[in-house]
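Just so you know, ligand 1 is whichever comes first in the structure, and atom 1 is the first atom listed for that ligand.
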Amino acid sequence: MRTHARAVVIGGGVVGVSTHYHLVKKGWTDSVLIERKELTSGSTWHAAGLLPLFNLSYSVGQIHKYSVALYKTLEKETGLDVGFRQVTNIRLARTRDRMDEYRYYAGVAATIGVEVRFLTPAEVKDIWPLCNIDGIVGAIQHPDDGYIQPADLTQALARGARNGGGEINRQTLVTAIEPLPSGEWKVVTNKGDIVCEHVVSATGNFARATGAMVGINVPVLPVQHQYVVTEAHPEIVARKARGLPEMGVLRESDSSWYMREEAGGLLLGPYEAGAPACYVDGPSDASEYELFPEDLDRLTPHIESAIARVPAFGEVGVKKVYNGAIAYTPDGSPIVGPAPGLRNFWLNEGHSFGVTAAGGAGFELAEWIVEGEPTIDMLGVDPRRFGPYAQKGYLVEKNEEAYAKVFTIHYPDEERVAARPLRQTPCYSRMKALGAVFGSTYGWERPNFFAPKGYALSEADLAKPDVLLNENHPAARVGEPVREKWSFRRSNYFDFVGAECRNVHENVGLQDMSAFAKCEVSGPGAERWLDSILTNRIPKKPGRVTLTYLLTRNGGIRAEFTLTRLGRERFYLVSAGALETHDLDSLEKLLPGDGNVRLDKVTTERGVLVLAGPRSREVLAKVADIDVSDKAFPWLTARNLSVGVAGLLALRVNFVGELGYELHHPIEMQNYVFDALMEAGAPFGIKPFGIRAMDSMRLEKSYKLVGRELSIEYAALESGLDRFVDFNKGKFLGREALIAWRDKGFANKLVTLKLEGATDADARGSEPVTKDGRPIGRTTSGGYGWRTGKSLALAMLRPEFAVAGAEVEVAVLGEQRAAIVIPDSAYDPENRALRG
Ligand SMILES: Cc1cc2nc3c(=O)[nH]c(=O)nc-3n(C[C@H](O)[C@H](O)[C@H](O)COP(=O)(O)OP(=O)(O)OC[C@H]3O[C@@H](n4cnc5c(N)ncnc54)[C@H](O)[C@@H]3O)c2cc1C
């Protein structure tokens, strides 16, 4: 065994071996992989081997696409047959909402180059003659999809890595991982130590135990997953004898199962509600090729629905039931990227479709480790999308939920209910009493919108066709009515959001944005350091506020901050709540090592109430102890003031494009401040507003969000951040690369689109944009703007089409809509309201 290596990958499942393979391919030929037992002896050996390309996430979709393309090449490269069968994959739909999901997905697929076909029930019958098509309204098919032999795939990747010089040590247990003063890691095993620069944890069901070795909480916990294999069926055997092709993978999404042919019989894999989390305290030391006892009761409703759909399934006996552990995360997507708080420690964990994802996840992680950045925006799988709140109890509830919802319709406005309400701000109950319907982000409860007093959806409103998965609304809590119905289209809350927007526009609104990530940066080196990493000039005077960006070293966008200068050596940085760990970890990893800069996280110490609307100044004037006139307190400045007796920091900025203030206050004084504002605002028509109203209004201002318009894939100037990138201020991270990118020419430009003909559905983001049917870009966000009466989208287009007045098309739920490029900021382009 080598004693020194550039990288050590821990875990010899398909994910670890793929990471090792890709590191070797990138030229790190002295990489070492360590597996405690045999390769594939964790979850990989018993996987059903399906390679579903279907995924609504832009990141995960691209990861899966890469995998399938790679797997097709491995036999040629390594000489090992990986058992790849491109039998295609059909997903059935029994409801209109399901078809909406497929139509939306087909748009995402088009933007990432994955082929999808729509099938009629009769076409399904042609391909799958054993399938009963009663009740089917349509289907989609992935021609490139199929299945593979997971163990053979792993062995082929292992051979590819070994051929390139990579070392694989089986029957070798990692017992400790220690940081060395040199900045390297010492990986301690039962067969000796290895000193290395980088460690990759790809330990599947052991992820939490591996994380504990380096003191981090890895939000991964497995759930039990079963599949059933039947004896051979004469009709399938006969089809084979006649040389007919395999019928392909069949998914009845509305009954939550997949099925494919297996050795002349059928294999059925349901995702059942009630499947328990497992290995809650980790697998045992002896765990190897481990299966759990079968639980047929849990499978029964799915088996019954499978027999109704494919009667042949009930006509032969069960040969074997596999019940194994499948790693999960709270949102069901894997964890691929840097570990928070640690240098050169990487996670490739939490894979529930690990056979499908291994190729792409291994490739992207190797790019990230070797080149410093992945090739695609990985925010959707970044380990830092979760925070310290995601501890064991939370994981049990959320991961079981994520498993049970693999096949539910992934509505864009879905708000899952498990492990809630967890993080409540002090004004939670007050907002609730005012009608708040909450959503959850990063564990925080935030009002999405406000329903009128006594409002409830009736049984009839919620009635859905009789399918096993029948959820288009949150499960009702005891004593609480259901007040939202999820949809790809405009739903029941559409007009409530409109009323909130109108009130903010005409009067004044109050919003709880306490979830914002917040930190203070201080010390003698603070200004110099911030100036060296951020794109915009650091304000010279205390009390000045600016918007500024952290770029990648390639010139893409990593993070956005509202920066306030508090004093000579003190700065206050605010960014998106959901990105707290991501943003602060990114900053921490850039801190100079000289002790001259301090970074203190203050997120949970400070609440934020947003007061916005033309009457907001009058409301604030009534309760503030300072002059809040425009002259004394202009736009883009901050003031320390008291609301009544509560001292706080007010920033004259907001995300909705009206006159307004963010009031950053000690969290324990929140209700005092809240009550004072509501009382003072009553004569001015103050009403609360939620995230959905804010999103509608920020679209009308063409304001951008990280993870949508802003990402590592887009140069800061492609995303229209020209005003916030000051090339003249001196060096900053990413500056030279951004200039080089600009000189080379940009491939994209962010625009605002106005969509014609929208009556019941707006764009949501990730829709394809075309010109005369040819692809020219993708939307990044979309929705309805109530102040302008326009259906809007933000979109990344090829620059030649990104000119005001250009006529293009946007496919909204499969329907081609005419759209026109309009100047940015459909509402108040001169910022009169903001400056008012
Ligand atoms: C019944 C079932 C069916 C499935 N079907 C599919 C499917 O059809 N398609 C699909 O894409 N996915 C499927 N999956 C999921 C898939 O099996 C997993 O996502 C995938 O195998 C995860 O691979 P991995 O490499 O992350 O983990 P694993 O295969 O579990 O590998 C982790 C390895 O790390 C090793 N390890 C842990 N700790 C240490 C240590 N300290 N020192 C050394 N080594 C260590 C373990 O021994 C283990 O071999 C299925 C899962 C189940 C349970």
Side-chain angles (χ1 to χ4, degrees), residues 8-20 33-53 55 63-64 67-68 71 89 145-151 153-154 157 168-177 187-191 199-213 220 222-229 249 258 260 267 269-271 275 278-279 282-283 285-292 294 320-328 334-336 347-359 361-362 403 406:
V8 168
V9 178
I10 310 171
V14 66
V15 172
V17 177
S18 170
T19 312
H20 183 48
L33 183 137
I34 300 175
E35 164 56 47
R36 52 189 270 284
K37 302 282 185 185
E38 292 299 328
L39 299 184
T40 79
S41 65
S43 277
T44 298
W45 72 279
H46 56 49
L50 305 174
L51 302 172
L53 284 164
N55 202 293
I63 286 172
H64 288 188
S67 297
V68 172
Y71 298 167
N89 164 9
D145 213 311
Y147 64 90
I148 203 161
Q149 297 306 325
L153 167 65
T154 311
L157 289 165
I168 294 181
N169 296 290
R170 294 173 293 122
Q171 301 295 341
T172 307
L173 175 71
V174 172
T175 54
I177 308 163
V187 177
V188 180
T189 82
N190 58 349
K191 299 206 177 144
V199 175
V200 179
S201 173
T203 54
N205 304 316
F206 293 81
R208 291 181 67 68
T210 316
M213 291 183 198
V220 170
V223 176
Q224 288 186 20
H225 177 50
Q226 312 185 76
Y227 64 82
V228 181
V229 181
V249 181
Y258 56 80
R260 69 167 168 86
L267 180 157
Y271 281 84
C278 55
Y279 296 144
D285 289 347
S287 178
E288 183 180 14
Y289 299 113
E290 190 166 33
L291 290 176
F292 306 115
E294 62 200 50
K320 183 158 173 71
V321 178
Y322 290 81
N323 184 7
I326 190 162
Y328 259 86
I335 280 184
V336 187
L347 300 168
N348 204 349
E349 299 282 13
H351 284 274
S352 52
F353 287 94
V355 180
T356 321
Y403 172 86
V406 162

Using only heavy-atom distances, determine whether the side chains of Asn323 and Glu294 contain a donor-acceptor pair under 3.5 Å. no

Judged by modelled atom types alone, do Tyr279 and Glu290 share a side-chain donor-acceptor pair under 3.5 Å? yes

Out of Gly362, Ala207, Ala361, Gly354, whose heavy atom sits nearest atom 20 (C) of ligand 1? Gly354

What is the closest protein heavy atom to atom 53 (C) of ligand 1, and at what distance does it sit? His46 CE1, 3.0 Å

Within a distance under 4.0 Å of any heavy atom of Ala202, pick out the atoms of ligand 1 and give their elements. 32 (C), 34 (O)

Considering heavy atoms of the protein only, find what lies nearest to atom 13 (C) of ligand 1 and give residue, atom and distance to 0.1 Å. Ala47 CB, 3.7 Å

Side chains of Ser43 and Asn205: do they bring a donor and an acceptor to under 3.5 Å? yes

What are the atoms of ligand 1, with element, lying closer than 4.0 Å to any heavy atom of Gly12? 33 (C), 34 (O)

Would you compute the distance between atom CD of Gln149 and atom OG1 of Thr44 and round it to the nearest 0.5 angstrom? 13.0 Å

Considering the heavy atoms of Ile34, write down every atom of ligand 1 situated less than 4.0 Å from one of them. 43 (C), 44 (N)

Compare Ser43, Gly350, Ser287 and give the one whose heavy atom is closest to atom 17 (O) of ligand 1. Ser43

Any N or O on Leu173 sitting closer than 3.5 Å to an N or O of ligand 1? no

Closest heavy-atom pair and its distance - Pro270, Gln226: CD-O, 3.5 Å

Below 3.5 Å, N or O to N or O, backbone or side chain included: is there any such pair between Lys37 and ligand 1? no

Once you round to the nearest 0.5 Å, how far does CD of Glu288 lie from OG1 of Thr40? 9.5 Å

Atom 9 (N) of ligand 1 sits nearest the protein heavy atom Leu50 O, 2.9 Å

Carboxylate-amine/guanidinium contact Glu35 Arg170, below 4.0 Å: no

Which ligand 1 atoms are under 4.0 Å away from a heavy-atom of Val14? 23 (O), 25 (O)

What protein heavy atom sits nearest atom 49 (O) of ligand 1, and how far off is it? Glu35 OE1, 2.7 Å

Work out which heavy atom in Ser67 is nearest to a heavy atom in Gly359; give both atom names and the distance. OG-N, 3.2 Å

As an exercise, identify every atom of ligand 1 less than 4.0 angstrom from a heavy atom of Tyr227. 1 (C), 3 (C)

Under 4.0 Å from one or more heavy atoms of His351, ligand 1 contributes atoms 18 (C), 19 (O)

What is the distance from atom OH of Tyr147 to atom CG of Leu51, rounded to the nearest 0.5 Å? 11.0 Å

Kindly give the heavy-atom pair with the smallest separation between Glu349 and Gly204, and that separation in Å. OE1-N, 2.9 Å

Atom 21 (O) of ligand 1 sits nearest the protein heavy atom Thr44 OG1, 2.9 Å

Gly49: numbered ligand 1 atoms lying under 4.0 Å from its heavy atoms: 7 (C), 8 (O)

Using heavy atoms and a threshold below 4.0 Å, how should the contact between Tyr322 and ligand 1 be classified: side chain, backbone, both, or neither? neither

Identify, for atom 43 (C) of ligand 1, the protein heavy atom at the shortest distance, and state residue, atom and that distance. Arg36 N, 3.1 Å

Quick one: closest heavy-atom pair of Phe206 and Ser287, and the distance? CZ-CB, 4.5 Å

Do Val174 and ligand 1 have an N or O pair less than 3.5 Å apart? yes

Are side-chain heavy atoms of Val249 and Asp145 found at a separation under 4.5 Å? no

Per-atom filter on ligand 1: closer than 4.0 angstrom to a heavy atom of Ala48 are 3 (C), 4 (C), 5 (N), 6 (C), 7 (C), 8 (O)

Can you give me the closest heavy-atom contact between His351 and Ala361, atom names plus distance? CE1-CB, 3.8 Å

For ligand 1, the portion of Leu39 having any non-hydrogen atom under 4.0 Å away: neither

Quick one: look at Trp45 and ligand 1, take heavy-atom pairs under 4.0 Å, and tell me if it's side chain, backbone, both or neither. neither

Considering only heavy atoms from C-beta outward, does the side chain of Val8 approach that of Val200 to under 4.5 Å? no

Any idea which protein heavy atom is nearest atom 25 (O) of ligand 1, and the distance to it? Val15 N, 3.0 Å

Region of Ala209 engaging ligand 1 - heavy atom pairs below 4.0 Å: neither

Among Tyr322, Phe353, Tyr403, the one residue meeting ring pair (Phe, Tyr, Trp, His ring centres under 6.0 Å) with His225: Tyr403

To check your reading of the model: name the closest protein heavy atom to atom 31 (O) of ligand 1, its residue, and the distance in Å. Gly13 CA, 3.3 Å

Give the contacting part of Ala327 toward ligand 1: side chain, backbone, both or neither, where contact means a heavy-atom distance below 4.0 Å. neither

